[in-house]
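Working notes, beginning with the structure itself.
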Amino acid sequence: QVQLVESGGGLVQAGGSLRLSCAASGRTFVTYAMGWFRQAPGKEREFVAAINWSGESTNYADSVKARFTISRENAQNTVYLQMNSLKPEDTAVYYCAAVSGGTYYSYSHEYDYWGQGTQVTVSA
């Protein structure tokens, strides 16, 4: 069982930056791949970024490539999402998710555990 708690969301102007954190409980964090997803009002949840168990392999949605960076610190049981050059269309609730086995996926149904989400609002 893994519990995930996101933090770091907030209100930022377009062009600004935010760093989201996701703290995981348990001693098996290193065996999980991690992902970030987001859901805007009236839209389906969408993939943002993912990282494998070691942090050596990452994947991004085209809409965030070159602007967002996912990373993890296994010693701290934490995964991060650094978001730069934010746009109003990045406004959403951001969720972190964990999948056992260490290999990441870009489909939400592959993930086993989810956090409660953190709101990111980007003003024009």
Side-chain angles (χ1 to χ4, degrees):
Q1 188 80 11
V2 176
Q3 291 186 323
L4 305 172
V5 179
E6 302 98 333
S7 61
L11 173 64
V12 64
Q13 288 187 332
S17 298
L18 282 174
R19 188 175 82 154
L20 305 183
S21 300
C22 174
S25 65
R27 292 179 288 179
T28 59
F29 178 71
V30 71
T31 66
Y32 289 84
M34 302 297 295
W36 285 97
F37 291 77
R38 66 187 182 186
Q39 188 166 19
K43 295 188 177 181
E44 293 186 354
R45 190 170 298 189
E46 66 174 1
F47 170 74
V48 175
I51 190 166
N52 75 332
W53 70 274
S54 68
E56 293 178 347
S57 182
T58 58
N59 189 30
Y60 296 91
D62 288 342
S63 60
V64 306
K65 276 181 182 176
R67 298 190 298 123
F68 290 11
T69 303
I70 188 172
S71 62
R72 65 189 295 160
E73 178 56 66
N74 286 340
Q76 301 295 326
N77 281 16
T78 302
V79 63
Y80 303 98
L81 185 68
Q82 177 67 43
M83 306 186 295
N84 299 328
S85 302
L86 282 161
K87 304 175 181 180
E89 50 263 45
D90 294 318
T91 295
V93 177
Y94 283 71
Y95 299 90
C96 74
V99 55
S100 60
T103 300
Y104 59 70
Y105 303 91
S106 57
Y107 298 102
S108 60
H109 67 265
E110 298 284 359
Y111 287 78
D112 303 310
Y113 303 100
W114 291 84
Q116 82 289 349
T118 186
Q119 176 70 47
V120 171
T121 303
V122 184
S123 63

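What you see below is based on every heavy atom in this structure, not just the backbone, and it leaves out hydrogens, waters and symmetry mates.
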Do [X] and [Y] land in one hydrophobic cluster if side-chain heavy atoms of ILVMFWY residues count as linked below 4.5 Å?
X: Tyr32; Y: Tyr104; answer: no
X: Val2; Y: Phe29; answer: yes
X: Tyr113; Y: Met34; answer: yes
X: Tyr60; Y: Leu18; answer: yes
X: Phe47; Y: Leu20; answer: no

Supply the atom-to-atom distance [X] [atom1] to [Y] [atom2], rounded to the nearest 0.5 angstrom.
X: Leu81; Y: Thr118; atom1: CG; atom2: OG1; result: 11.0 Å
X: Trp53; Y: Asn74; atom1: CH2; atom2: CG; result: 8.0 Å
X: Ser108; Y: Glu44; atom1: OG; atom2: CD; result: 8.5 Å
X: Cys96; Y: Ile70; atom1: SG; atom2: CD1; result: 9.0 Å
X: Thr91; Y: Lys87; atom1: OG1; atom2: NZ; result: 12.5 Å
X: Thr28; Y: Gln1; atom1: OG1; atom2: CD; result: 10.0 Å

Side-chain donor/acceptor of [X] to backbone N/O of [Y], under 3.5 Å:
X: Asn52; Y: Ser57; answer: yes
X: Arg67; Y: Ser85; answer: yes
X: Glu6; Y: Gly117; answer: yes

- Task: Kindly determine whether Arg38 and Val64 satisfy side chain to side chain contact (heavy atoms under 4.5 Å, CB included), including the steps that lead there.
- Result: CA-CA 12 Å; Arg38 66 187 182 186; Val64 306; 4.0 Å; yes
On a heavy-atom basis, which atom in [X] and which in [Y] lie closest, and how many Å separate them?
X: Lys43; Y: Gln39; value: O-NE2, 3.1 Å
X: Ser17; Y: Asn84; value: OG-OD1, 2.9 Å
X: Leu4; Y: Cys22; value: CB-SG, 3.9 Å
X: Ala50; Y: Tyr111; value: CB-OH, 3.7 Å
X: Ala40; Y: Ala92; value: N-CB, 3.8 Å
X: Ala33; Y: Arg72; value: CA-NH1, 4.0 Å

4.5 Å side-chain heavy-atom contact, Tyr105 and Asn59:
no
Does any part of the side chain of Leu11, heavy atoms only, come nearer than 4.5 Å to the side chain of Gln119, both counted from C-beta? no
| message | Check the orientation of Tyr94 and Phe68. Use parallel for under 30°, tilted for 30 to 60°, and perpendicular for over 60°. | response |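 The rings of Tyr94 and Phe68 sit tilted, inter-plane angle from 30° to 60°.
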**side-chain contact (heavy atoms from CB on, under 4.5 Å) partner of Met83, the single match among Val12, Thr69, Val120** =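 For Met83, the side-chain contact (heavy atoms from CB on, under 4.5 Å) check succeeds only for Val120.
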_Applying the ring pair (Phe, Tyr, Trp, His ring centres under 6.0 Å) criterion to Phe37, which one of Tyr107, Tyr95, Trp114 satisfies it?_
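Considering Tyr107, Tyr95, Trp114, a ring pair (Phe, Tyr, Trp, His ring centres under 6.0 Å) with Phe37 is found only for Trp114.
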Quick test of your reading of the model: are Lys65 and Asp62 salt-bridged, counting only N-O distances below 4.0 Å? yes
- Message: I'd like to know whether CD of Glu89 has more than 12 heavy-atom contacts from other residues, nucleotides or ligands below 6.0 angstrom.
- Response: yes
